*Asks:* 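Shown below is the structure under consideration.
In this text, all values refer to a predicted model and were calculated from it rather than measured experimentally. Naming convention: chains lettered A, B, ... in sequence-line order (proteins, then strands); numbering from 1 in each chain.
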Number of protein chains: 2
Amino acid sequence: MLTLTPVEAVACCSPLSREPLSQEAAERIAPMLKALADPVRLRLLSLVASHEGGEACVCDLGDAFDLSQPTISHHLKVLHEAGLLEREKRGVWVYYRSSPTAMSSLATLISDTAS
Amino acid sequence: MLTLTPVEAVACCSPLSREPLSQEAAERIAPMLKALADPVRLRLLSLVASHEGGEACVCDLGDAFDLSQPTISHHLKVLHEAGLLEREKRGVWVYYRSSPTAMSSLATLISDTAS
DNA sequence: CATCGATATTGACAGACGTCGATGTATGCC
DNA sequence: GGCATACATCGACGTCTGTCAATATCGATG
């Protein structure tokens, strides 16, 4: 069975302001926005994106929060499963990188609604 | 006391990819994204934005959903309080209009993370 | 003023979500 | 092999969220 990644699901939508979003499309897009719609995850994403090389090790991220390690790990998983962060294991460390295509297609979808 | 609207709170942020988002900024932005992060609300917003004149009466919106009237009213309230929809009462009817500034500042915030 | 129609508010409930401590898994090192 | 370190998973807990039925509010109309 063919499954679209969340990113692909967003990229193929016509602007919100041209024709009403179908229920199916809305149900594919909402999870990506839901992944973004948390203060901790927003900061995590921002930390990764602003880190040198555009990637960051989990060990670099936890210090910025007053949260347990499992909680940070949970949030990173949510962002990863939504297609907003890419994951790469290097030795003992895990590096996350933000996905420009995911972010820009989300941004396009939203900005089209503005006009 | 001076309170920023959600829209103003987003508009004044530097790109996510230049410097990490502060906790305060993240906590102001997240509610707007949370308002957007629901399939029903995404469709409502899209219905309003794509409606002729860029505005729609509540009576035009309910039919597209298999949901009760109070539920639709609730979602519209969430979108309105997040600054994503403007509300105007005309006689017995209430018209909602999408807020271009809100959407475009959100889009800018997200798209900056992509680069 | 009584009534009707359009929308909002309230209260209740089930399910989803964020968080933690405890535990599991895997890699590197002695 | 044995141990330490980095990260993930699990199970439990309180809180938040989407939904509905019932009720309230507000404007128009007779």
*Asks:* Can you check whether S99(A) reaches L85(A) side chain to side chain, under 4.5 Å on heavy atoms?
*Replies:* no
*Asks:* Distance check needed: dT17(D) C1' versus L36(B) CG, whole Å only.
*Replies:* 16 Å
*Asks:* From K77(B) NZ over to Y96(B) OH, what is the distance, rounded to the nearest 0.5 angstrom?
*Replies:* 9.5 Å
*Asks:* Specify the separation, in whole Å, of atom CD of E81(A) and atom P of dC17(C).
*Replies:* 12 Å
*Asks:* For G91(A) and V40(A), take the nucleotide of DNA chain C holding the closest heavy atom to each; which residue's nucleotide lies nearer the 5' end?
*Replies:* V40(A)
*Asks:* For R41(B), which contact category applies under a 4.0 Å heavy-atom criterion: base, sugar-phosphate, or nothing?
*Replies:* sugar-phosphate
*Asks:* So does S46(B) get a backbone contact from the side chain of S50(B), meaning a donor-acceptor N/O pair under 3.5 Å?
*Replies:* yes
*Asks:* What is the distance, rounded to the nearest whole Å, between atom CZ of R90(B) and atom C1' of dG5(C)?
*Replies:* 18 Å
*Asks:* Could you state the atom-to-atom distance from CG of L79(A) to C1' of dG18(C) in whole Å?
*Replies:* 14 Å
*Asks:* Can you tell if the side chain of S104(B) reaches within under 4.5 Å of the side chain of S111(A), non-hydrogen atoms only?
*Replies:* no
*Asks:* What distance do E86(A) atom CD and T101(A) atom OG1 have between them, rounded to the nearest 0.5 Å?
*Replies:* 6.5 Å
*Asks:* Does some side-chain heavy atom of L45(A) sit less than 4.5 Å from a side-chain heavy atom of M103(A)?
*Replies:* yes
*Asks:* Please state how far atom CD in E88(A) lies from atom C1' in dC7(D), giving the value in whole angstrom units.
*Replies:* 15 Å
*Asks:* Within this structure, what is the NE2-to-C1' distance between H75(A) and dC20(C), rounded to whole angstrom?
*Replies:* 12 Å
*Asks:* Taking the side chain of S68(A) as heavy atoms from C-beta outward, which of dG18(C), dC20(C), dC20(D) is closest to it?
*Replies:* dC20(C)
*Asks:* Tell me whether R87(A) contacts the main-chain N or O of E81(A) through its side chain, where contact means a donor paired with an acceptor under 3.5 Å.
*Replies:* no
*Asks:* Could you tell me the separation between the CG atom of L67(B) and the P atom of dG18(D), rounded to a whole number of Å?
*Replies:* 12 Å
*Asks:* Report all interatomic pairs (protein N or O, nucleotide N or O of nucleotides 6-11 of chain C) with separations under 3.5 Å.
*Replies:*
from: dT7(C); atom 1: OP2; to: C59(B); atom 2: N; distance (Å): 3.3
from: dA8(C); atom 1: OP1; to: R87(B); atom 2: NH1; distance (Å): 2.4
from: dA8(C); atom 1: OP1; to: Y96(B); atom 2: OH; distance (Å): 2.9
from: dA8(C); atom 1: OP2; to: S73(B); atom 2: OG; distance (Å): 2.8
from: dA8(C); atom 1: O5'; to: S73(B); atom 2: OG; distance (Å): 3.4
from: dA8(C); atom 1: N7; to: Q69(B); atom 2: NE2; distance (Å): 2.7
from: dA8(C); atom 1: N6; to: Q69(B); atom 2: OE1; distance (Å): 3.2

*Asks:* Identify, between K89(B) and K34(B), the residue whose nearest nucleotide on DNA chain D lies closer to the 5' end.
*Replies:* K34(B)
